[in-house]
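A quick write-up on the structure given underneath.
In what follows, every chain begins at residue 1, and chains take the letters A, B, ... in the order their sequences are listed.
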2 protein chains.
Amino acid sequence: MARVSLKTVAKEAGAGSVRPAAKAKEKSRTNDPDRTRANIIEVATHEFSEKGLSGARIDEIAERTRTSKRMIYYYFESKEGLYRAVLEESYRRIRTIEATLDLENKPPLEALAQHVRFTFDYQLANTDFIRLVMVENIHHGEHIAQLSQTQQANMAAIDTLRGIVQRGIDSGVFRKDLNPIDLHMSISALCFFNVANRYTFSTIFKVDMASPAETAARRESVADMVLRFVAP
Amino acid sequence: MARVSLKTVAKEAGAGSVRPAAKAKEKSRTNDPDRTRANIIEVATHEFSEKGLSGARIDEIAERTRTSKRMIYYYFESKEGLYRAVLEESYRRIRTIEATLDLENKPPLEALAQHVRFTFDYQLANTDFIRLVMVENIHHGEHIAQLSQTQQANMAAIDTLRGIVQRGIDSGVFRKDLNPIDLHMSISALCFFNVANRYTFSTIFKVDMASPAETAARRESVADMVLRFVAP
DNA sequence: ACAAACGTACGAACCAGTGCGTTTATGTCA
DNA sequence: TGACATAAACGCACTGGTTCGTACGTTTGT
């Protein structure tokens, strides 16, 4: 059925990943499993986050890749396998970035405020991740349930917050009955909504939640709400 | 192009829809367009909310209906048409129920607290609706964008909150710079997350967010957070 | 030489949508 | 009132395009 060749000719495109200098004739193929794998995941991440697990098409993902559909199955075995790899990688990325923040040495109130603003901005800048979480919840979390590695690592992500809360309580600037997990949930909820429900909310209330002005105001409102929440 | 009439034959619709007494032989079919339509929407609501727009299957919806697949296309024209009808009906239902609450005559603080707890409980009890909103946002809100009727009616849904805010400010128990839409967003965010992200959050943090104890604690935490937020 | 990495082309199941014929309800006029 | 025409409501069985997945052969690296 005249299915088009889909060459993906040449191209140095890459965000990085230098190739061997050879390049002489474009006829030659270069094996680079790491790059191929990473490239597939990158494309798939965007595709799954845009269309969901059921809405995404393996053929379309393959098309946007520098390799072929066969390679997707070679590396990931199935559509769900690929989805799981995408989920894992997205969760891995968020926690490595979160760890770079140094909030341990700042006064609790300031540290918390910064933590909230950072979370807000990170989620705003990583809508792909947010949407993947939405998709995963539509699927009842059955895939992340299989990634125990990911679960553990992400549970540890609130250790920073836990530390801030402890210091805040100790120094008397936070109320004593504060529950770190509950606090984390509230922060997540406020930041998450801003990205996740942007479309329906903007449509109904005729505001452009993606605009810089709206975003800035919202960020401060969220920070304010959290700070008020922890006060004694 | 046998394009169906789409009658909407007036009628008192009601959840009940009494049938003609006839019923004589079970061999005979009884035409009851309203009931058929409502039945399809009911089944489709659950199916779309469980599997999403792309994940849901028309054949499966038809199977769970008391009628045939052909009727789905007879009444709704396409899968997306059915989805739109489902979305519209879900939004319609939430606002009629919301309107039944009488908060106009209670003191602002009490009214707000009740409003928050009601929102929390309603969303908890109507996961189908919440999940539909998630699905719609995955699709960039392109379907609700076509339902201007629904948009308008739902924008009006914050009039109650707006009234409470005004009375609270006037009587001095709320701070003056409170923005009703911003407040509404925060309340929605806190309640929404509880249902929408239940699976990933429960999995990562090893808590059962659906349990009564967890739910009750969370409801009070949310109410507390909102009340602190509005204080002068 | 041998395994890992890769591409092409194909198949089988799935699934939205429809052609067409049948039954039920309703209006109309003798 | 009842015969009849017409429209609405309905069901069966099918189709054509889509889509996940793979058989099989080729190239690259060690």
Side-chain angles (χ1 to χ4, degrees), chain A residues 1-10 17 19-20 22-40 44 47-48 51-84, chain B residues 1-11 17-40 44 47-48 51-63 65-84:
Chain A
M1 189 61 21
R3 241 321 143 80
V4 163
S5 74
L6 253 265
K7 273 306 299 206
T8 321
V9 218
S17 278
R19 315 285 297 282
K23 209 49 171 281
K25 279 304 90 184
E26 69 222 343
K27 200 73 242 172
S28 80
R29 190 189 77 207
T30 313
N31 286 359
D32 191 342
D34 283 349
R35 198 166 111 96
T36 300
R37 223 188 112 96
N39 177 238
I40 293 175
E47 205 63 17
F48 280 130
K51 320 269 186 66
L53 173 52
S54 342
R57 298 287 163 245
I58 291 289
D59 285 280
E60 199 163 337
I61 291 173
E63 216 165 295
R64 301 185 186 208
T65 291
R66 34 181 293 288
T67 182
S68 69
K69 175 160 72 155
R70 191 62 188 82
M71 285 300 97
I72 293 177
Y73 287 94
Y74 181 69
Y75 284 112
F76 304 101
E77 273 154 63
S78 66
K79 189 184 186 182
E80 297 209 345
L82 174 59
Y83 172 77
R84 245 176 281 128
Chain B
M1 182 61 48
R3 240 322 126 83
V4 166
S5 70
L6 249 270
K7 280 299 293 187
T8 319
V9 214
K11 147 178 281 247
S17 274
V18 197
R19 320 280 300 280
K23 210 44 172 289
K25 277 303 90 186
E26 69 221 339
K27 196 74 241 172
S28 78
R29 190 189 77 207
T30 315
N31 287 357
D32 191 341
D34 283 348
R35 198 165 110 95
T36 300
R37 225 187 111 97
N39 177 237
I40 293 174
E47 206 63 17
F48 280 131
K51 319 269 187 71
L53 174 51
S54 340
R57 299 286 164 244
I58 292 290
D59 286 281
E60 199 163 336
I61 292 173
E63 215 164 296
T65 291
R66 31 182 295 289
T67 182
S68 68
K69 175 159 74 154
R70 193 68 188 78
M71 285 300 97
I72 292 177
Y73 287 94
Y74 180 71
Y75 284 112
F76 304 100
E77 275 154 58
S78 65
K79 189 183 185 181
E80 297 209 346
L82 174 58
Y83 172 76
R84 245 177 281 127

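The interatomic distance linking Ile40(B) (CD1) with dA9(D) (P) rounds to 12 Å, in whole Å. Taking atom OH on Tyr74(A) and atom P on dT28(D), their separation rounds to 15 Å, with Å as the unit. Here dG21(D) presents its P atom at 19 Å from OH of Tyr75(A), a figure rounded to the nearest Å. Taking atom CG of residue Leu82(A) and atom P of nucleotide dG21(D), one finds them 10 Å apart after rounding to whole Å. Between the P atom of dG17(C) and the CG atom of Asp59(B) lies a distance of 11 Å, rounded to the nearest Å. One can place CZ of Arg35(A) at 16 Å from P of dA5(C), the figure rounded to the nearest angstrom. Put simply, CZ on Arg57(B) is 10 Å from C1' on dT19(D), counting in whole angstrom units. In this structure, Ile72(B) places its CD1 atom 14 Å from P of dC15(C), rounding to the nearest Å.
Counting any heavy atom pair closer than 4.0 Å across all strands shown, Phe76(A) reaches no nucleic acid atom. Counting any heavy atom pair closer than 4.0 Å across all strands shown, Ala62(B) reaches no nucleic acid atom.
Side-chain atoms of Lys79(A) and Tyr83(A), non-hydrogen and from C-beta on, never get closer than 4.5 Å to each other. Looking at Tyr75(A) and Leu82(A), their side chains never come closer than 4.5 Å, going by heavy atoms from C-beta outward.
One cannot find a donor-acceptor pair under 3.5 Å joining the base of dG25(D) and the side-chain atoms of Arg70(A). On a pure distance criterion of 3.5 Å, a polar donor-acceptor pair joins the side chain of Lys69(A) and the base of dG21(D).
A donor-acceptor pair is defined here as one N or O able to donate and one able to accept, closer than 3.5 Å; no such pair exists between the side chain of Asn39(A) and the backbone of Thr67(A).
Using a 4.0 Å cut-off between charged side-chain N and carboxylate O, Lys69(B) and Glu63(B) make no salt bridge. In this structure, Glu47(A) does not pair ionically with Arg57(A), as no charged nitrogen and carboxylate oxygen lie closer than 4.0 Å.
For Ser68(B) and dC12(D), the shortest distance from a side-chain N or O to OP1 or OP2 is not below 4.0 Å.
The listed nucleotides are dT22(D), dT8(C), dA16(C); the one nearest the side chain of Tyr73(B) is dA16(C).
Nearer to the 5' terminus of DNA chain D, by closest-nucleotide assignment, is the contact made by Thr36(B) (compared with the other of Thr36(B) and Ala56(A)).
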